[in-house]
Amino acid sequence: MTRRVVVGAHYGSGSWLAQRLTALYMAVYSLVLAVVLLGGEPITYPAWQDMFAAGWMRVATLIFVVSLAWHAWVGARDILMDYVKPDGLRLGLEAATLLLLAVYLGWAAEILWR
Amino acid sequence: MSSAAAKKVRPKYLSLRALLFEIRQPVPAWVSILHRISGAMLVLPFAAWLLYLLDLSLASPESFARLASYLDLPLVKLGMLLFIWAYCHHLCAGIRFLLLDLNAGIALAPARRSAAAVLVASLLLTAFFGAKLW
């Protein structure tokens with residue numbers, strides 16, 4: 001019998017909640033962007049450029065990428081914990097995932113604030 | 001007495017053949033594993049690809065025009081179609097999981113129905129956005 005006291009470590013409840021809240025944000029952002037892209041006439045460069053010149057759009061998109069990184073980290077870690085049993089390999093793949101997500105964040109910031 | 005159950009070879013060892021052709025997964029299991037696979041695909045390569053496309057679309061009027069012709073390549077369109085399916089499946093299955101988290105539709109019958117609905121809806125959405133792409 002185990003006498004595990006569920007305090008302190010939280011056993012992943014924080015990650016679980018973060019993954020769902022970031023999912024909600026990305027879902028709303030995606031639906032709004034899909035409506036904008038498909039709603040009107042074909043997008044021209046000036047209209048597209050204007051849209052991403054607005055400060056709120058840049059911030060909303062950066063929040064999307066931050067949400068993506070956080071959400072993907074929880075998901076990728078779940079996958080790696082389930083399927084990759086050797087500790088060293090798993091640690092290496094987790095580090096590679098974090099590095100990849102960090103690159104995405106930096107790249108997105110660079111694109112948005114050129 | 002020789003019933004059918006008694007003749008079965010036990011224990012039964014798992015093989016690739018068994019996993020692929022003999023063990024039939026229920027529909028919710030397919031939705032679940034496809035949610036994982038589509039999620040992994042969205043992290044790599046699709047997030048990187050989409051960032052590259054966003055970069056092209058915003059860098060200059062010339063690169064925006066180049067993006068338009070790039071998106072006309074058949075292989076690129078095929079990749080886009082795969083991305084659209086992965087995104088739509090991940091979104092639809094994700095909404096289902098959020099509802100399951102809220103204890104909505106967790107009985108066996110509605111859970112199987114919603115799983116089938118996710119598979120159908122994501123394919124229909126892929127067809128819709130794919131048609132827009134062409």
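Here is how names work: the chains are called A, B, and so on, in the same order as the sequence lines, proteins then strands, and each is numbered from 1. Heavy atoms only: backbone and side chains are in, while hydrogens, waters and symmetry mates are out. As the structure is a prediction and not an experimental result, all values here were calculated from the model.
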With a 4.5 angstrom heavy-atom cut-off, could you sort out which part of [X] is near chain A: side chain, backbone, both or neither?
| X | value |
| --- | --- |
| B:Ile95 | neither |
| B:Tyr52 | both |
| B:Ala48 | both |
| B:Ala65 | neither |
| B:Leu54 | both |

Among B:Ala40, B:Gly94, B:Ala59, the residue with the most heavy-atom pairs under 4.5 Å to chain A is B:Ala59
[Y] reachable from [X] in the ILVMFWY side-chain graph, under 4.5 Å edges:
| X | Y | result |
| --- | --- | --- |
| A:Leu91 | A:Leu93 | no |
| A:Leu24 | A:Val59 | no |
| B:Leu58 | B:Tyr70 | yes |
| A:Trp113 | A:Trp56 | yes |
| B:Leu119 | B:Leu82 | yes |

Is it true that, when you exclude [X] itself, more than 12 heavy atoms of the residues, nucleotides or ligands shown sit nearer than 6.0 Å to its [atom1]?
| X | atom1 | value |
| --- | --- | --- |
| A:Trp70 | CH2 | no |
| B:Gln25 | CD | yes |
| B:Leu102 | CG | yes |

Distance (rounded to the nearest 0.5 Å) between A:Arg20 CZ and B:Asp101 CG: 4.5 Å
Residues in residues 28-39 of chain A that sit under 4.5 Å from chain B, counting heavy atoms only: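 Result: A:Ser30, A:Leu38.
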Using heavy atoms and a sub-4.5 Å threshold, report which of residues 78-85 of chain A line up against chain B, by residue number. A:Asp78, A:Ile79, A:Asp82, A:Tyr83
Side chains of B:Leu91 and A:Met26, heavy atoms from C-beta outward: is any pair under 4.5 Å?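 Side chain of B:Leu91 against side chain of A:Met26, heavy atoms only: no contact under 4.5 Å found.
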Considering only heavy atoms, which portion of [X] lies under 4.5 Å from any heavy atom of chain B: side chain, backbone, both, or neither?
| X | result |
| --- | --- |
| A:Ala108 | both |
| A:Trp73 | neither |
| A:Thr97 | neither |

Tell me the closest heavy-atom pair linking B:Ser57 and A:Trp48, and the distance in Å.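 Distance-wise, the nearest heavy atoms are OG-NE1, 2.7 Å.
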Work out which heavy atom in A:Ile111 is nearest to a heavy atom in B:Leu51; give both atom names and the distance.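 Smallest interatomic distance, heavy atoms only, reads CD1-O, 3.3 Å.
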Looking only at atom types and distance, does a side-chain atom of A:Tyr104 sit under 3.5 Å from a main-chain N or O of B:Val43, one as donor and one as acceptor?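 Here the side-chain-to-backbone pair exists.
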